Number of protein chains: 2
Amino acid sequence: MVTLKDVAAKAGVSPSTASGALRGLDFVRPTTADRVLKAAQDLNYTANVSARALRSGRTGILSLVIPTVDIPFYSQLTNAMERCVERHNYQLLVQQNDFDPKREREQIMQRDDTLSEGMFLLSTKTDTRDVVRLIGDHPTVLFEDYSTDILIDSVNAPSAGGIDRVIRHLVERGRNRICLAGESIPITHVTNISNSSRARYERAGSAIRVFEELGISASCGAINCDWGPEPGIEVGHRIADMHDANGTLRYNAVCCMNDDIALGVIRGLADRGVRVPDEVAVTGFDGIKQGAWSIPTLTTVELDYDGMAETAVSMMLRKFSNNPVSFPQRVIAGFRLLERESTAASQVANA
Amino acid sequence: MVTLKDVAAKAGVSPSTASGALRGLDFVRPTTADRVLKAAQDLNYTANVSARALRSGRTGILSLVIPTVDIPFYSQLTNAMERCVERHNYQLLVQQNDFDPKREREQIMQRDDTLSEGMFLLSTKTDTRDVVRLIGDHPTVLFEDYSTDILIDSVNAPSAGGIDRVIRHLVERGRNRICLAGESIPITHVTNISNSSRARYERAGSAIRVFEELGISASCGAINCDWGPEPGIEVGHRIADMHDANGTLRYNAVCCMNDDIALGVIRGLADRGVRVPDEVAVTGFDGIKQGAWSIPTLTTVELDYDGMAETAVSMMLRKFSNNPVSFPQRVIAGFRLLERESTAASQVANA
DNA sequence: TTGAAAGCGCTAACAC
DNA sequence: GTGTTAGCGCTTTCAA
């Protein structure tokens, strides 16, 4: 193994000079630096990461803690994060917990400052206050933290704004009997929601607010279901079976809290012969790629994954800098409404 | 920061004894070990990874190099790998190259033994011989290496066996005019394939072999396309436009080289009003989750991702052991045919 | 069975 | 600007 000492010897300088030269510090005379760089190249030298980390505390590793990498939203986030982190000369350690509260908690507690310089965390099972307590002073940036207090830096999807936009889109398309589909949707008014479980209600709450603004609350409703296509299929079945007194379908649109649910709903409606968008329009949220070739293609709120990643990484790097931001911030990412086949105009549904 | 010295002091032993106790080495007297363990727990001690790595060379990190984490096959592989590696008390570093030959090559060359103890590599752009040359003696396990020589340990999908099975399934279902869809499919006979590009032909080659065994070569064909749903859509359009002299569709089945292509083909056929499976059956390969709620659901070859991961990790760990295997091996993973709607029986297609 | 001492390769403080 | 020195926290001889 070729060490810094070897490089220094070959360049005829001391290890500390070689070290400075290789790290581009400006106390080294340019001609000396060149000589060191050349020697390093000739010897095919790379710094020993462990040694550097032991001395400097910088490991060059950041970790991402998520439920799983195998759900499209998380895949796309992980993809964006890896590319972004790499661009900033870090490496990404990925840790999954499969939505297991115990494992998530362990991952948060057992974060290792000597391994990873900072943690990006998308917590689904741990209260934000607990997170803050558990991480101590370990640099952390959260994704999807909807707690009322801003206790810690976070980057969020535009849940409220996105759902607002998509509901208005449905109404513009003549859909006035809209059913929400997603986890923990409150049947009653949004103000009944307790603070602690506010995260879950962010999207649904926004929808209900718009229903009221538009005066269509009475004709709208909600079905509570878990995230994911399989629960979505069940919802599709249930909606296909709901009729008015005169036999028409109870709903002419389903606004799903994410794309996976939406694709399931579409499948569930198809099982019962209900046509999308002819009889029922369906919308998703997240802008996963699969919505671009589903049948029908899925109208959805496309998230700015690269923007979310860039923001999160910037927030992290600022913590390492000389003038870190003193107050925790929350950044809401941008979005774009993707109008596709699943909400196309229809004669039938508007009857 | 609490160090080993602190633990040793609290337990009333020397650092070296404490070290041995914490690592469970049997030269330490059980009662002493207990005292050390308790002290460590009380102080909430965790070993400094960098220091340990610097001294012992063991970083506890393994890296996975793949094109992207954001294509279902890779998501599922990454998911399985992370869980498996974690089970073996390692952490997984993920590196993406987005199918860029240059970046892939750099990742292979710049593998860092002082960071990651070993590399799992799914190379799409680098010849296996180059890989072997570039990695030197860095512990490496490949995924999807179809080169004729077995130069290096690898874990492969059951490409030949899986396609064989799926073609026979189509024929059993009465489909005899089968079109292959995928990258680099040879229009001519399989024996024309050069050794160097054999990887690409593994699946198609197997299909063509079965066509001949079953005596249906004349009625079958192939369309060359890139992996992915978008190319699949194009293929779907083209197949919808291909008719015999008497106006019937040229093909009554499409055998796709992976699920993404298949979902695209289904979408492309739908664009033209061709019904799946009524007029044309479609099969995929890989068993990605999305095929379970597509319209129609997708018949496919389901891969044993957990098995692949476990095998790959075992191969890696054996390299670190006292008696490593001396010859490189290639392991073909198991599979299961998932019979779903996209290949259901049909009156029309068999006419 | 335990402890003392050396040193992994690097960076940071300080002297020159 | 450059070199010398010390030491990050751990593991690993080797001696006791």
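Because only heavy atoms are used, hydrogens play no part in the values below, and waters and symmetry mates are left out as well, while side chains stay in. In what follows, chains are A, B, ... by sequence order, proteins preceding strands, each numbered from 1. Quantities reported herein were computed from a predicted structural model and do not represent experimental measurements.
Note on B:T114: nothing from the nucleic acid sits closer than 4.0 angstrom, heavy atoms only.
A:S56 has no side-chain polar atom (N or O) that falls below the 4.0 Å cut-off from OP1 or OP2 of C:dT11. Between A:R23 and the phosphate of C:dA12, there is a side-chain N or O to OP1/OP2 separation shorter than 4.0 Å.
Side-chain atoms of B:V69 and A:E82, non-hydrogen and from C-beta on, never get closer than 4.5 Å to each other. At least one side-chain heavy atom of A:F143 sits less than 4.5 Å from a side-chain heavy atom of A:V155. At a threshold of 4.5 Å between non-hydrogen side-chain atoms, the residues A:R83 and B:Q96 count as touching. Within the 4.5 Å cutoff, side-chain heavy atoms of A:R52 are placed close to those of A:R23. Residues B:S116 and B:R111 form no side-chain contact, since every pair of their non-hydrogen atoms from C-beta on lies 4.5 Å or further apart.
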What pairs of nitrogen or oxygen atoms, one from the protein and one from nucleotides 13-16 of chain C, lie under 3.5 Å apart?
none

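Summarising the geometry, the separation between CG on A:L25 and C1' on C:dA12 is reported as 11 Å, rounded to the nearest angstrom. One atom, CE of A:M1, and another, C1' of C:dG7, lie 15 Å apart when rounded to the nearest Å. Protein atom CZ of B:R55 is 7 Å distant from nucleotide atom P of C:dC8, rounded to whole Å. For B:D34 and C:dT1, the CG to C1' distance is 15 Å, given to the nearest whole Å. Across the protein-nucleic acid pair, A:L22 atom CG and C:dA12 atom C1' stand 16 Å apart, rounded to whole Å.
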(request) Test A:D153 against A:R318 for salt bridge (charged side-chain N to carboxylate O under 4.0 Å, His left out), laying out the working first. (result) CA-CA 11 Å; A:D153 282 334; A:R318 215 174 311 145; over 6 Å; no
(request) Test salt bridge (charged side-chain N to carboxylate O under 4.0 Å, His left out) on B:K102 and B:D100 and set out the steps. (result) CA-CA 6 Å; B:K102 224 174 70 196; B:D100 182 339; over 6 Å; no
(request) Could you give me the CA-CA distance, side-chain angles and deciding distance for A:R330 and A:D145, then say whether salt bridge (charged side-chain N to carboxylate O under 4.0 Å, His left out) is met? (result) CA-CA 8 Å; A:R330 176 173 301 164; A:D145 169 35; 3.4 Å; yes
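Using a 3.5 Å distance cut-off with no hydrogens or angles, the side chains of A:S147 and A:D149 do not pair a donor with an acceptor.
A residue-by-residue look at B:T32 and A:T3 shows that B:T32 has its nearest nucleotide of DNA chain C further toward the 5' end.
In this structure, B:Y74 and B:F99 have perpendicular ring planes: the angle between them is above 60°, well past the 30° mark.
In plain terms, the two heavy atoms of B:M119 and B:V65 that are nearest each other are SD-CG2, 3.8 Å.
Mapping heavy-atom proximity under 4.0 Å, the span of DNA chain D touched by chain B runs 5' to 3' from D:dG9 to D:dT12.
Non-hydrogen atoms lying under 4.0 Å from DNA chain C are contributed by B:L54, all within residues 41-54 of chain B.
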